[in-house]
Q: 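Once you've had a glance at the structure underneath, I'll fire off some questions.
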Number of protein chains: 2
Amino acid sequence: MIIEIPENSDFSIYNIPFGIFSTEDRSPRVGVAIGDHILDLAAVAELDVFDFNTALLEKDTLNDFISLGKEITSRVRKKIQFWLKDDESVLAGKPELFVKQSEAQMHMPVSVGDYTDFYSSLEHATNVGKMFRDPENALLPNWKHIPVGYHGRASSIIVSGQPIHRPKGQTMPKGATNPVFGPTKRLDFELEIGFICGKETNLGDSISTGEAEDYIFGLVLFNDWSARDIQKWEYVPLGPFLAKNFASSISPWVVTLKALEQFKTEGPKQNPEVLPYLQFEGKRNYDINLEVSITPDSGKETTVCQSNFKHMYWNMSQQLAHHTVNGCNIAIGDMMASGTISGKDENSFGSMLELSWGGTKNIKLEDGSERTFIEDRDTVTLRGFAQKGDIRVGFGAVSTKVLPAK
Amino acid sequence: MIIEIPENSDFSIYNIPFGIFSTEDRSPRVGVAIGDHILDLAAVAELDVFDFNTALLEKDTLNDFISLGKEITSRVRKKIQFWLKDDESVLAGKPELFVKQSEAQMHMPVSVGDYTDFYSSLEHATNVGKMFRDPENALLPNWKHIPVGYHGRASSIIVSGQPIHRPKGQTMPKGATNPVFGPTKRLDFELEIGFICGKETNLGDSISTGEAEDYIFGLVLFNDWSARDIQKWEYVPLGPFLAKNFASSISPWVVTLKALEQFKTEGPKQNPEVLPYLQFEGKRNYDINLEVSITPDSGKETTVCQSNFKHMYWNMSQQLAHHTVNGCNIAIGDMMASGTISGKDENSFGSMLELSWGGTKNIKLEDGSERTFIEDRDTVTLRGFAQKGDIRVGFGAVSTKVLPAK
């Protein structure tokens, strides 16, 4: 191996995720994560080893690189794996090609044209339905027929490390007759995975479930920040708006669908049977371990949720087929998030709303403090990895600190 | 006057709207509409009369031009007005600077980053509430406190002239127990006006109602195409999605807020009083006459709706203040649409849903046919203009033909 990869690294030789990084001496460019390092692809390009226009490795987003198509980007990934494993490859004896992750600044990996958020966990939809609506009829009649989704705000998607301010907004306190304005009292995370579209369609075209994975470049961890009190007051009848659009945070490394291929697994059985355009063949869920932690200002980190992407009732192929069945066009860089990934167990719930059951249960943290929702100066971290024997493919983390309201 | 302007032209000397056009011999570039012509600003730039980087007049969107800021773009507009009125100006004796609109192809005026649709007509919200929910409690409790809005799809916003296909999707027929799939049976227009953001904010920043108009570059007509049967089945609890994102059509000429200044008017009195961040001073509504027509394949056009933008309960300044009060960032080119602009009278309702009262009333067309919703090969046209004495500032039209489902 050209470079040392620590045991249990998320960025093993099997992963090779793409991202955008910068260093003190050089502006944002394309790199791949390997162990604790970044292989600087813009620098590798100077060795004249790539057969495409390498100017796009100097760009500050992956969009142009992704637009080369999966055939080329997969070949690049394979080449890199091959070079890294071969002690006499073009990368040998060139430590200047590798940048320590601790010395690099990560940036948004893509320019997001449109962002869609789904609502595809049965457990999450049921939990929310019980709390926000009717405990007896938690799941709405359309939920098992439609991978329900809505459009979110693309401009406020930020990368791990960028802090956010507690948002302000309108809420209707219990028992009040007039709304009030102020910082949210129920700031929450949502544990999600987002996929990044890798191929565009024209307006009027649809993608079948069979073709869908060709249109997915890769995945990131996605924290769909939410203000529950604002959401409750605003969301009827047109859905969440200011309760969500103040920020969504993502992990900086895009793990390719190719790298996750071997972690494919069956999803939950869908009953009733879905309409033909939503039916699919083969395994379409992914076994990806997920966890969320809270680190208060004290510095002591507590894991508050452990879940898995395999729980999703609706898979990504179905989401994409549904999204385009009416001819809606997608573009390279579009982000589609899963919706909160909750499991059956209480400790697998992917939001504080569910973990604290609407604020009625205290979550104890290691430093002795308690939480129902997220407090100022808390850092929320999502982590995720897939593992099979010694093979580990991980996402790293998305970590976001909450600063007081402006 | 350098060029003849037909009487009652939308594109009078008082207007000077910006757009993107192309001709057979030259690619998309920036122009302004004047009478039946387009003044080719990229060609004017070659006369060396502008004091900014004129390369941005060769771009295929207005985004870079708008990013010059209102001080500069307003000066350009004023200069053009001055030159057009002065028979001895730099434009004199240069007919090659003017392109006939009938010989030009119009393009999307801006690249839209994010698109938000509001729901700001009291009459429309009440009508829809009566039909979709509860006739006794049509207006939801939050409506008079919040300029309710939701995120829409930016990728599928198209310019006037581009046809659309009838979208397909899932619906739950009355009395059925299982949803069905097929072309929508309730295709509808929504008469709206969209504003285009002209100045960006950073994540975390808010815009006050006092500052809001500085952030609005200009306005276009906006047809928010809707599939009512798909909408009814999908929209609970996260809002409209596939019922809307198959297409929205806009008029090609961006009428600047400056050109509309003299048509400012009082809006409806807001009661109850709104929260302080939504309060505003002065006139913030605009008196813009609007109409919608249907032209079947027979070619005979029928006006089915006459409304006015002045009816809006929530104004654009309030919409923008609300949208950013939580720190949500906006970018140049972002589109914010008003929501359907219905008036009190039945013939002022801005959608077929309301005009046909949920499909229960037939709308008679001039060619003898009847409509409840929009049929294949119908062309829907929205027009709008403001007028005060002899001064007319208009939008032209957004016209879209519906082709059968693919």
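Because the structure is predicted, anything quoted here is derived from the model rather than measured. The sequence lines fix the lettering, A, B, ..., with proteins before strands; numbering per chain opens at 1.
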Q: As an exercise, state the distance from CG of Asn245(A) to CD1 of Ile330(B), rounded to the nearest 0.5 Å.
A: 12.0 Å
Q: Contact part of Arg166(B) toward chain A, heavy-atom cut-off under 4.5 Å: side chain, backbone, both or neither?
A: neither
Q: Using a cut-off of under 4.5 Å for heavy-atom pairs, which of Arg153(A), Lys244(A), Gln170(A) has the most such pairs with chain B?
A: Arg153(A)
Q: Counting heavy-atom pairs under 4.5 Å to chain A, which of His323(B), Arg133(B), Met172(B) comes out on top?
A: His323(B)
Q: Relative to chain A, which of Pro183(B), Pro141(B), Ala243(B), Ser111(B) shows the most heavy atom pairs under 4.5 Å?
A: Pro141(B)
Q: Would you give the length of the straight line joining atom CG of Leu278(B) to atom CZ of Phe181(A), rounded to the nearest 0.5 angstrom?
A: 8.5 Å
Q: Closer than 3.5 angstrom, by distance alone: can the side chain of Asn326(B) be matched with the main-chain N or O of Pro167(A) as a donor-acceptor pair?
A: no
Q: Heavy-atom distances under 4.5 Å only: say whether Ile146(B) touches chain A with side chain, backbone, both or neither.
A: both
Q: Please check if the side chain of Ser156(B) supplies one atom and the backbone of Cys328(A) the other of a donor-acceptor pair under 3.5 Å.
A: no
Q: Measure Leu140(A) against the heavy atoms of chain B and call it side chain, backbone, both or neither at under 4.5 Å.
A: side chain
Q: Counting heavy-atom pairs closer than 4.5 Å to chain B, which one of Asp114(A), Val325(A), Thr116(A) comes out on top?
A: Asp114(A)
Q: Please classify the contact between His145(B) and chain A as side chain, backbone, both or neither, with a heavy-atom cut-off of under 4.5 Å.
A: both
Q: Given the options His165(B), His322(B), Glu234(B), which has more heavy-atom pairs under 4.5 Å with chain A than any of the others?
A: His322(B)
Q: Considering only heavy atoms, which portion of Asp117(B) lies under 4.5 Å from any heavy atom of chain A: side chain, backbone, both, or neither?
A: neither
Q: Please say whether more than 12 non-hydrogen atoms of neighbouring residues, nucleotides or ligands are located less than 6.0 Å from CD in Gln279(B).
A: yes
Q: With a 4.5 angstrom heavy-atom cut-off, is it the side chain or the backbone of Ile230(B) that approaches chain A, or both, or neither?
A: neither
Q: Measure Pro276(B) against the heavy atoms of chain A and call it side chain, backbone, both or neither at under 4.5 Å.
A: neither
Q: Non-hydrogen atoms of chain A under 4.5 Å away: do they reach the side chain of Leu238(B), the backbone, both or neither?
A: both
Q: Under 3.5 Å, is there a donor-acceptor pair between the side chain of Asn329(A) and the main chain of Ser155(B)?
A: yes
Q: Heavy-atom cut-off 4.5 Å, strictly under: side chain, backbone, both or neither for Phe132(B) against chain A?
A: neither
Q: Measure Val128(B) against the heavy atoms of chain A and call it side chain, backbone, both or neither at under 4.5 Å.
A: neither
Q: Is it the side chain or the backbone of Lys406(B) that comes within 4.5 Å of chain A heavy atoms, both, or neither?
A: side chain
Q: Does the plane of the ring in His151(A) sit parallel, tilted or perpendicular to the ring in Phe241(B)? Use 30° and 60° as the thresholds.
A: tilted
Q: Asn142(B) side chain to Val236(A) main-chain N or O, any donor-acceptor pair under 3.5 Å?
A: yes
